Amino acid sequence: IDMSSGSQEGINIFNFNDVSNYVVTEGDSIMVRGTVGQFRGLTQFVPDSIMIISTGNTLPAPVVVSDIDETTESKWLSIPTSWVSLSTSGTGSSNVELTNGTDTITMRIDSDTDINDSLVSQGAIIPGDTICGLLGIGGQFNSSTTSPFNDGYQIFPMRWSDLTICRFVPPVVVPYYPIGTINTEDATTGVADSLNVTCFTSGTVVGI
């Protein structure tokens with residue numbers, strides 16, 4: 001992410017191998033030498049050397065958008081508007097298709113983040129779930145390997161806290177039973193027939 005121009009600009013840096021033994025750390029200011037490439041519409045920088053200039057720099061604020069397109073590519077984004085899932089998140093790296101009723105985008109969940117582990121423990125994203133807050137890096141994976149590269153826009157959340165999933169939890173319906181229904185006991189064991197049943201009942205108070 002580059003803020004030197006006064007507005008946020010970004011470019012994806014990609015290499016199959018480690019370069020200059022650099023360990024990616026948020027807040028690093030780096031100088032990168034290499035060549036500009038493109039993969040499925042995503043402009044990227046293929047480095048052959050990386051040098052750290054400084055560390056611990058303040059991260060930029062995300063750019064607030066309501067949709068993603070070519071202008072949001074490789075930028076740090078915040079989408080506060082609601083998007084509804086059309087698909088189910090998988091295990092490992094997976095795509096979740098989201099719609100706002102008009103447009104469709106792809107949320108790319110990378111297995112290198114903690115998001116997949118959290119979805120396993122807290123429940124997968126399923127069709128109908130609403131993503132009501134989302135942070136991530138804008139990306140693209142065009143459906144064709146040839147131009148024009150004008151679809152396949154994605155957003156990559158980087159951590160579980162980047163997602164706000166709003167799920168409707170139906171209210172628990174507690175049944176009503178008369179006292180005579182719940183105060184019976186098994187004739188042989190003396191154990192209450194309705195042991196551990198959740199319900200409500202009513203009656204007249206007699207006694208102190």
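Everything numeric in this text was worked out from a predicted model, so none of it was measured.
To the nearest 0.5 angstrom, Glu185 atom CD is 8.0 Å from Asn183 atom CG. To the nearest 0.5 angstrom, Phe45 atom CZ is 15.0 Å from Gln38 atom CD. Atom OG of Ser20 and atom CD1 of Ile50 lie 6.0 Å apart (nearest 0.5 Å). Rounded to the nearest 0.5 Å, atoms CD1 (Ile109) and CD1 (Ile155) are 11.5 Å apart. Atom-to-atom distance recorded for Met31:CE and Ser49:OG is 9.5 Å, nearest 0.5 angstrom. Asn95 CG to Ser87 OG: the interatomic distance, rounded to the nearest 0.5 Å, is 8.0 Å.
With hydrogens and angles ignored, the 3.5 Å screen pairs a side-chain donor or acceptor of Asn142 with a backbone N or O of Asn150. In this structure, Glu26 contributes its side chain and Leu59 its backbone to no donor-acceptor pair below 3.5 Å. Distance alone, capped at 3.5 Å, is enough to place a donor-acceptor pair between the Glu73 side chain and the Thr43 backbone. Not a single donor-acceptor pair under 3.5 Å links the side chain of Asn15 to the backbone N or O of Val46. The main-chain N or O of Ile125 is never found under 3.5 Å from a side-chain atom of Asp129 such that the two would form a donor-acceptor pair. Checking side-chain atoms of Asp193 against main-chain N and O of Asp186 turns up a donor-acceptor pair under 3.5 Å. The main-chain N or O of Ser111 is found under 3.5 Å from a side-chain atom of Ser93 such that the two form a donor-acceptor pair. Judged by distance alone, with hydrogens and angles left aside, the side-chain atoms of Asp110 form a donor-acceptor pair with the main-chain N or O of Asp112 at under 3.5 Å. Panel note: side chain Thr99, backbone Gly101; a donor-acceptor pair is recorded below 3.5 Å. Gln140 contributes a side-chain N or O that, together with a main-chain N or O of Phe149, makes up a donor-acceptor pair within less than 3.5 Å.
Under the 4.5 Å side-chain criterion, counting only non-hydrogen atoms from C-beta, Pro127 is in contact with Thr88. In this structure, the side chains of Leu163 and Ile115 come closer than 4.5 Å at one or more pairs of heavy atoms. Leu42 places none of its side-chain heavy atoms less than 4.5 Å from the side chain of Phe14. Residues Pro157 and Thr113 form no side-chain contact, since every pair of their non-hydrogen atoms from C-beta on lies 4.5 Å or further apart. Between Ile30 and Ile13 the shortest side-chain heavy-atom distance falls below 4.5 Å. In this structure, Phe39 and Asn12 have side chains that are not in contact, with every pair of non-hydrogen atoms separated by 4.5 Å or more. A heavy-atom distance below 4.5 Å is found between the side chains of Ile79 and Ile68. In this structure, Trp83 and Glu97 have side chains that are not in contact, with every pair of non-hydrogen atoms separated by 4.5 Å or more.
Just one residue in the list Leu77, Leu134, Leu135 forms a side chain to side chain contact (heavy atoms under 4.5 Å, CB included) with Pro62, and that residue is Leu135.
Atom OH of Tyr177 sits in a sparse spot, with 12 or fewer heavy atoms from other residues, nucleotides or ligands closer than 6.0 Å.
Listed here is the closest heavy atom pair of Arg108 and Phe156: CG-CE2, 3.1 Å. Scanning all heavy atoms of the two residues, the minimum distance from Leu119 to Trp160 falls at CD2-CZ3, 3.4 Å. Nearest heavy-atom pair across Val96 and Ser85 is CG1-OG, 3.5 Å. The two residues Ser194 and Thr181 come nearest to each other via the heavy atoms OG-O, 3.7 Å. Val174 approaches Phe200 most closely through the heavy-atom pair O-CE2, 3.4 Å.
Checking Tyr153 against Asp67 by side-chain atom types alone, no donor-acceptor pair falls below 3.5 Å. Residues Asn116 and Thr91 have side chains that never bring a donor and an acceptor to within less than 3.5 angstrom of each other. Side-chain contact, Ser54 with Asn57: a donor N or O sits under 3.5 Å from an acceptor N or O.
Using a 4.0 Å cut-off between charged side-chain N and carboxylate O, Arg159 and Asp114 make no salt bridge.
There is a path of hydrophobic side-chain contacts, each under 4.5 Å, that joins Ile165 to Met107. A single hydrophobic cluster is seen to contain both Val65 and Ile105, as judged by linkage of ILVMFWY side chains at heavy-atom distances under 4.5 Å, directly or through other members. Under the 4.5 Å side-chain contact rule for hydrophobic residues, Tyr22 and Met51 do not share a cluster. Linking ILVMFWY residues whenever their side-chain heavy atoms come closer than 4.5 Å, directly or via other members, places Val24 and Ile11 in the same cluster.
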Tell me, with the steps shown, if Asp151 and Ser143 meet side-chain contact (heavy atoms from CB on, under 4.5 Å). CA-CA 7 Å; Asp151 65 7; Ser143 57; 3.2 Å; yes

Are Ile182 and Thr201 close enough, and set up right, to give a side-chain contact (heavy atoms from CB on, under 4.5 Å), and what steps lead you there? CA-CA 9 Å; Ile182 61 173; Thr201 190; 4.2 Å; yes

